[in-house]
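This report refers to the structure that appears directly beneath it.
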Amino acid sequence: MSDRHDHGHAPHTHDGASGHAHPHASSRSSRLRHRLGHLLTPHSHETADKLDSALESSARGMRALWISLAVLGATALAQAVVVAVSGSVALLGDTVHNAADALTAVPLAIAFVLGRRAATRRFTYGYGRAEDLAGMAIVLTIAASAAFAGWAAVDRLLDPRPVTHLPAVAAAALVGFAGNEWVARYRIRVGRDIGSAALVADGLHARTDGFTSLAVLLGAGGSALGWQLADPIVGLAITAAIALVLRDAAREVFRRVMDAVDPALVDAAERALREVDGVRGVGELRLRWIGHRLRAEVAVVVDGEATVRQAHAVAVDAEHTLLHAVPRLTAALVHADPAPVPGQTDPHHPLAHHAHA
């Protein structure tokens, strides 16, 4: 006997009013445990509340993008004024970096808007994967920034040029670093809170431009001391730092595209499932990110003599437990397998010839 159960609509939230017990409780103790759980951990099962939670995640991401766009735009504008006065090529490059970083908000904003669209018969899992595509675009932008910084440093080595209005250039560099670092911290924090790898990568990109601003500051200091090669040498060092950030961002986005999850999440899900009444074992468990939300597929072992309703109740209880135990999990597909009996054929034997297809 097997049973599949999947809410599959939207996130399970904990911030609403006290909800209702599931209708298919398998025993009096199970019903009592559910009621106690609802009293101790208020939450809602209403579809509207679930959608509100999902939209709130996207809304936080959009808010982070627009706020950081405004901060970086103001930073780039202030630096552009100093560029016009000083003629600093290094500061010009930093200004271009900041403007480009601000513009990375565009693909992410498009991704968040697409992620709000409902699933269709063609895109049955929705449009959350647009965030992964945006993350790839951001990684490419970081790579372009590293290439530009390296080229500018080598060009300055081959053709040293003096920098004028050094105090103004140094002040603009500090403004650039402060703006980028603030944006980086904000984007990374919100990205991790809502589970958006793309927003985290965008925050790391902002941090690379902050490093570039520091290079301008150090280069200006070297120029003030009469060492014209200070700026390009520091620029090469910053290029190496950007490459390291690029590696981290690319790895995070690559893992997300390849459906990688933190093994600790899998461990937490398995532990929670083993505590569910009626679950005798946990079989195959899969988790995957779709945008900044998680979905789960799991097989649990139940009593082979259980009725369909009893097996379904265990599946409901298992899904309910997963929604509580795994952060940002929005849906779980639970498959109930009968406990094996010595001498009986494996109930999945008819599928064996498809296993390696």
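Within a 6.0 Å radius of CZ in R251, more than 12 heavy atoms belonging to other residues, nucleotides or ligands are found. The environment of Y186 atom OH is dense: over 12 non-hydrogen atoms of other residues, nucleotides or ligands sit within 6.0 angstrom.
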Under the criterion side chain to side chain contact (heavy atoms under 4.5 Å, CB included), I'd like the reasoning laid out for L217 against F177: C-alpha separation, chi angles, the key distance, then a yes or no.
CA-CA 9 Å; L217 177 63; F177 173 75; over 6 Å; no
Please lay out, stage by stage, how R293 and T330 fare under the test side chain to side chain donor-acceptor pair (under 3.5 Å).
CA-CA 6 Å; R293 302 164 194 164; T330 61; over 6 Å; no
Could you walk me through whether L265 and L294 satisfy the side chain to side chain contact (heavy atoms under 4.5 Å, CB included) test, starting with their C-alpha distance in whole Å, then the side-chain angles of each, then the deciding distance to 0.1 Å, before giving a yes or no?
CA-CA 10 Å; L265 290 177; L294 277 170; 3.9 Å; yes
Could you go through the side chain to side chain contact (heavy atoms under 4.5 Å, CB included) check for N180 and S213 one step at a time?
CA-CA 9 Å; N180 276 289; S213 296; 4.1 Å; yes
Run the numbers on T307 and H312 for side chain to side chain contact (heavy atoms under 4.5 Å, CB included), then give the verdict.
CA-CA 8 Å; T307 66; H312 181 265; over 6 Å; no
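Cluster membership for I67 and V175, using ILVMFWY side-chain heavy atoms within less than 4.5 angstrom, is not shared. Criterion: ILVMFWY side-chain heavy atoms under 4.5 Å apart, direct or through other members. Under it, V276 and V301 are not part of a common hydrophobic cluster. Cluster annotation: V282 is connected to L329 through the hydrophobic network of ILVMFWY side chains, with a link wherever side-chain heavy atoms come within less than 4.5 Å. Hydrophobic clustering (ILVMFWY, side-chain heavy atoms < 4.5 Å, transitive): I110 and V257 are in distinct clusters. Linking ILVMFWY side-chain heavy atoms closer than 4.5 Å, directly or via other members, places L77 and V106 in two distinct hydrophobic clusters.
Two residues are said to be in side-chain contact when any heavy atoms from C-beta on lie closer than 4.5 Å; E131 and W289 fail this criterion. Residues V302 and P338 fail the side-chain proximity criterion, which asks for heavy atoms closer than 4.5 Å. In this structure the side chain of L322 reaches within 4.5 angstrom of the side chain of V298, judged on heavy atoms. No side-chain heavy atom of D132 sits under 4.5 Å from any side-chain heavy atom of V253. By the 4.5 Å heavy-atom criterion applied to side chains, V190 and L199 are counted as neighbours. The closest side-chain heavy-atom distance from R187 to V200 is not below 4.5 Å. By the 4.5 Å heavy-atom criterion applied to side chains, L285 and E270 are counted as neighbours. I188 is listed as a side-chain neighbour of R207, based on a closest heavy-atom distance under 4.5 Å.
In this structure, A172 and V82 approach most closely via the heavy-atom pair CB-CG2, 3.9 Å. What you find for A311 and A306 is that their closest heavy atoms are N-CB, 4.4 Å. For V169 against S86, the heavy-atom pair with the smallest separation is CG2-OG, 3.6 Å. The heavy-atom pair separating A119 from G126 by the smallest distance is CB-N, 3.7 Å. Taking every heavy atom of both residues into account, L287 and A296 meet most closely at CD2-CB, 3.3 Å. Among all heavy-atom pairs drawn from A134 and P107, the shortest one is CB-O, 3.8 Å.
Note: L69 CG to M62 CE = 10.5 Å, rounded to the nearest 0.5 Å. Expressed to the nearest 0.5 Å, how far CD of E319 lies from CG of L333 amounts to 8.5 Å. Note: Y125 OH to T120 OG1 = 13.0 Å, rounded to the nearest 0.5 Å. Taking CZ from R274 and OG1 from T321, the interatomic distance works out to 13.5 Å, rounded to the nearest 0.5 Å. Here the CD atom belonging to E252 is positioned 8.5 Å from the CZ atom belonging to R255, to the nearest 0.5 angstrom.
For the pair R271 and E275, the salt-bridge criterion is not met [side-chain N within less than 4.0 Å of a carboxylate O]. Between E284 and R286 there is a salt bridge, since a side-chain N of the basic residue sits under 4.0 Å from a carboxylate O of the acidic one. A salt bridge does not link D262 with R328: every distance from a Lys NZ or Arg NE/NH1/NH2 to an Asp or Glu carboxylate oxygen is 4.0 Å or more.
In this structure, R117 has no side-chain hydrogen bond (donor to acceptor under 3.5 Å, both in side chains) partners at least two apart in sequence or on a different chain.
When atom types are taken as modelled, the side chain of R256 and the backbone of G291 share a donor-acceptor pair closer than 3.5 angstrom. With hydrogens and angles disregarded, no donor-acceptor distance shorter than 3.5 Å links the side chain of D317 to the backbone of A313. A donor-acceptor contact shorter than 3.5 Å links the side chain of S68 to the backbone of L65.
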